[in-house]
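Below: the structure, in structure tokens.
First listed ligand is number 1; within each ligand, the first listed atom is number 1.
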Amino acid sequence: MSGARKVYIKSFGCQMNVYDSHRMADTLAPEGFTETTAPDNADLVILNTCHIREKAADKLYSELGRIRVMKQTAADAGRQMTIAVAGCVAQAEGAEILRRSSAVDLVVGPQSYHRLPSLLARTARGEAVVDTEFPPEDKFDILKAPSRAATRARGVSAFVTVQEGCDKFCTFCVVPYTRGAEVSRPVTKIVAEVERLANAGVREVSLIGQNVNAYHGEGPDGRPWTLGRLLHRIADVPGIARLRYTTSHPCDVEDSLVDAHRDLPALMPLLHLPVQSGADRILAAMNRRHTRADFLAAIARRRNQQAAMAFSTDFIVGFPGETDADFQATLALVDEVKFVSAYTFKYSPRPGTPAAEMPDQIPETAKTERLHTLQSAIARHQKAFNAGCVGQSFDVLFEKAGRYPGQVVGRSPYLQPVQVMAPPSVIGSVCRVTFTELSTNSLFGKLTTETERTREPMAMAAGG
Ligand code: SAH
Ligand code: SF4
Ligand code: F3S
């Protein structure tokens, strides 16, 4: 097998899609592939697709148009370029992708990435290959662990998949079909991965899953562990200063998880809790399995444990049958919870999902109008929250050098971007910063001390 080959991987989807892209790169590294950011001179191009909304799925075919030209140019120069389509569109459309685009050599679903080397061996023999099986083996057992070098290149904050798939079947959503049933990784595997990341300099870990609070992986004691218990265990890994988890469903909130917000200083006080709508009628039609009151109760339980909790969410506007009154209920919920940020989407009918067949589909113009109204309501709360942070001090995890000399950028506990004049030595540490000013996109601050704050109050170290 030839030594240096280049792979270009593009992610179109969620955090799990990005995580999968990294793992594909790690799996291909022993095969002699190094990652490149330039698709035109790559030997292998992987488009890691997303199927969640029509627009997301359309991106594949417009990208394939461009890639096809590159493949032809490479062929004219006597170079072979292999094109793979991975991710949730691959899972949903399978062989249809080969029919729509002759440039594609390989279609591979999210459960088959560990088989990439053998699949590529088949494409090298000129075969067009489709692998969208849900194989019985655990792909995480076979996928390569993140390498130290790769981790270093990716910085101080990392995602770790702990749970994949979804059994909830919200009527608008493709995820249960593209990712399959809920599967949790065993605790020891996750801890080993976090330890490797910590050794490579990672300070913040976000545990990810489509439905992360349904986590029930096997613990070292052979029993299923909850997410709360897993968080406690990971907080003990030396070097890990910050923990997050995403995305959680408003149901499935067990006590150990709520308690973790009180007991674990490393667990950041920002929770992403998608609600989709503020109207009970629409929540029921979406099969969300909770009411507006249940959602507010889930918020209150967290706030009772940690007063400084803030919440972000996802909304869908223009779900079939959504009336003006339903939409007003959504706006009222925004004002009640005061979300500090939100992803907002126009309902996009997905083939094969129940909502796509529902009567009273909402016209595009009404969806657009509601989207704008909702976005400005959320922006108002976000601005107020950010403005309220000025004058206060928070811990900031410094990530990288800023755009201007002497400037370093990091993130607050609430994921706000923070810019500070500080020596580059602070990168990778958590330091206290007093916020002095707010611009449109970030907070400016002054370093209180250059040394890392430990979580237990202790004698001030020299310097700073
Ligand atoms: N598991 C998470 C969400 C995963 S999908 C949860 O249960 O909340 C991320 C977001 O995409 C969803 O929260 C929803 O707001 C949006 N989304 C999913 N399907 C959609 C569709 N058909 N149209 C528009 N938005 C959609
Ligand atoms: Fe989709 Fe609902 Fe599952 Fe979230 S909980 S992934 S929205 S089906
Ligand atoms: Fe998209 Fe699949 Fe993630 S559909 S949002 S890439 S789980």
Suppose we measure from [atom] to each protein heavy atom; which comes out shortest, and what is that distance?
| atom | value |
| --- | --- |
| atom 8 (S) of ligand 2 | Cys170 N, 3.3 Å |
| atom 23 (N) of ligand 1 | Ser348 N, 3.0 Å |
| atom 4 (Fe) of ligand 2 | Arg288 NH1, 4.2 Å |
| atom 1 (Fe) of ligand 2 | Cys173 SG, 2.3 Å |
| atom 19 (N) of ligand 1 | Phe172 CD1, 3.3 Å |
| atom 13 (O) of ligand 1 | Asp314 OD2, 2.6 Å |
| atom 5 (S) of ligand 1 | Ile52 CD1, 3.6 Å |

Proximal atoms of ligand 1 relative to Lys346 (non-hydrogen, under 4.0 Å): 23 (N), 24 (C)
Ligand 1 atoms in contact with Phe345 (distance to a heavy atom under 4.0 Å): 10 (C), 11 (O), 15 (O), 16 (C), 24 (C), 25 (N)
Evaluation steps, side-chain contact (heavy atoms from CB on, under 4.5 Å), between Ile240 and Arg203: CA-CA 5 Å; Ile240 297 301; Arg203 305 300 316 278; over 6 Å; no
Min heavy-atom dist Gln15 to ligand 3 below 4.0 Å: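 No, Gln15 has no heavy atoms under 4.0 Å from ligand 3.
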Pairing donors with acceptors under 3.5 angstrom, does anything connect the side chains of [X] and [Y]?
| X | Y | value |
| --- | --- | --- |
| Thr368 | Lys346 | yes |
| Gln91 | Thr178 | no |
| Thr171 | Asn287 | no |
| Gln111 | Glu164 | yes |
| Asp259 | Ser256 | no |

side-chain contact (heavy atoms from CB on, under 4.5 Å) partner of Leu98, chosen from Leu106, Asp105, Val107: Val107
Non-hydrogen side-chain atoms of Lys71 and Gln80 separated by less than 4.5 Å: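 Sidechains of Gln80 and Lys71: no contact.
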Side-chain heavy-atom pair Phe12, Leu60 within 4.5 angstrom cut-off: no
Steps toward side chain to side chain donor-acceptor pair (under 3.5 Å) verdict (Ser312, His272): CA-CA 5 Å; Ser312 63; His272 187 66; 2.8 Å; yes
Under 3.5 Å donor-acceptor, Gln163 side chain and Gln210 backbone: yes
Expected output: side-chain Ser112 to main-chain Arg115 donor-acceptor under 3.5 Å: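 Between the backbone of Arg115 and the side chain of Ser112 there is no qualifying donor-acceptor contact (under 3.5 Å).
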[X] heavy atoms, cut-off 4.0 Å: which ligand 2 atoms fall inside?
| X | answer |
| --- | --- |
| Pro176 | 8 (S) |
| His249 | 5 (S) |
| Phe172 | 7 (S) |
| Phe169 | 8 (S) |

Heavy atom of Asn211, distance to ligand 1 below 4.0 Å: no
Would you check if the distance from the ring center of [X] to the ring center of [Y] is below 6.0 Å?
| X | Y | result |
| --- | --- | --- |
| Phe327 | His372 | no |
| Phe385 | Phe339 | no |
| Phe169 | Tyr177 | yes |

Option with minimal heavy-atom separation from atom 25 (N) of ligand 1, where the choices are Arg53, Arg288, Gln276, His272: Arg53
Approximate separation, where rounding is to 0.5 Å, of Ser341 OG and Leu270 CG: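 Interatomic distance, Ser341 OG to Leu270 CG, rounded to 0.5 Å: 6.5 Å.
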Kindly confirm or rule out an N or O of [X] lying under 3.5 angstrom from an N or O of ligand 1.
| X | value |
| --- | --- |
| Ser248 | no |
| Thr247 | no |
| Gln210 | yes |
| Ile316 | no |

Contact with ligand 2 for Arg179, non-hydrogen, under 4.0 angstrom: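 Arg179: no contact with ligand 2 (<4.0 Å).
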Six-ring centre of Phe311, Arg302 cation under 6.0 angstrom, axis tolerance 45°: no
Contacts of atom 2 (Fe) of ligand 3 with protein N/O/S atoms, counting only those under 2.8 Å: Cys88 SG
Mutual orientation of the aromatic rings belonging to Phe172 and Phe319 [parallel < 30°, tilted 30-60°, perpendicular > 60°]: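 Taking Phe319 first and then Phe172, their aromatic rings stand perpendicular (interplane angle over 60°).
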Those atoms of ligand 3 less than 4.0 Å from some heavy atom in Gln210: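 Those qualifying, in numeric order: 7 (S).
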Atom 2 (C) of ligand 1: any protein heavy atom closer than 4.0 Å: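 So far as the 4.0 Å threshold goes, atom 2 (C) of ligand 1 is in reach of a protein heavy atom.
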Heteroatom N/O/S of Cys166 within less than 2.8 Å of atom 2 (Fe) of ligand 2: no
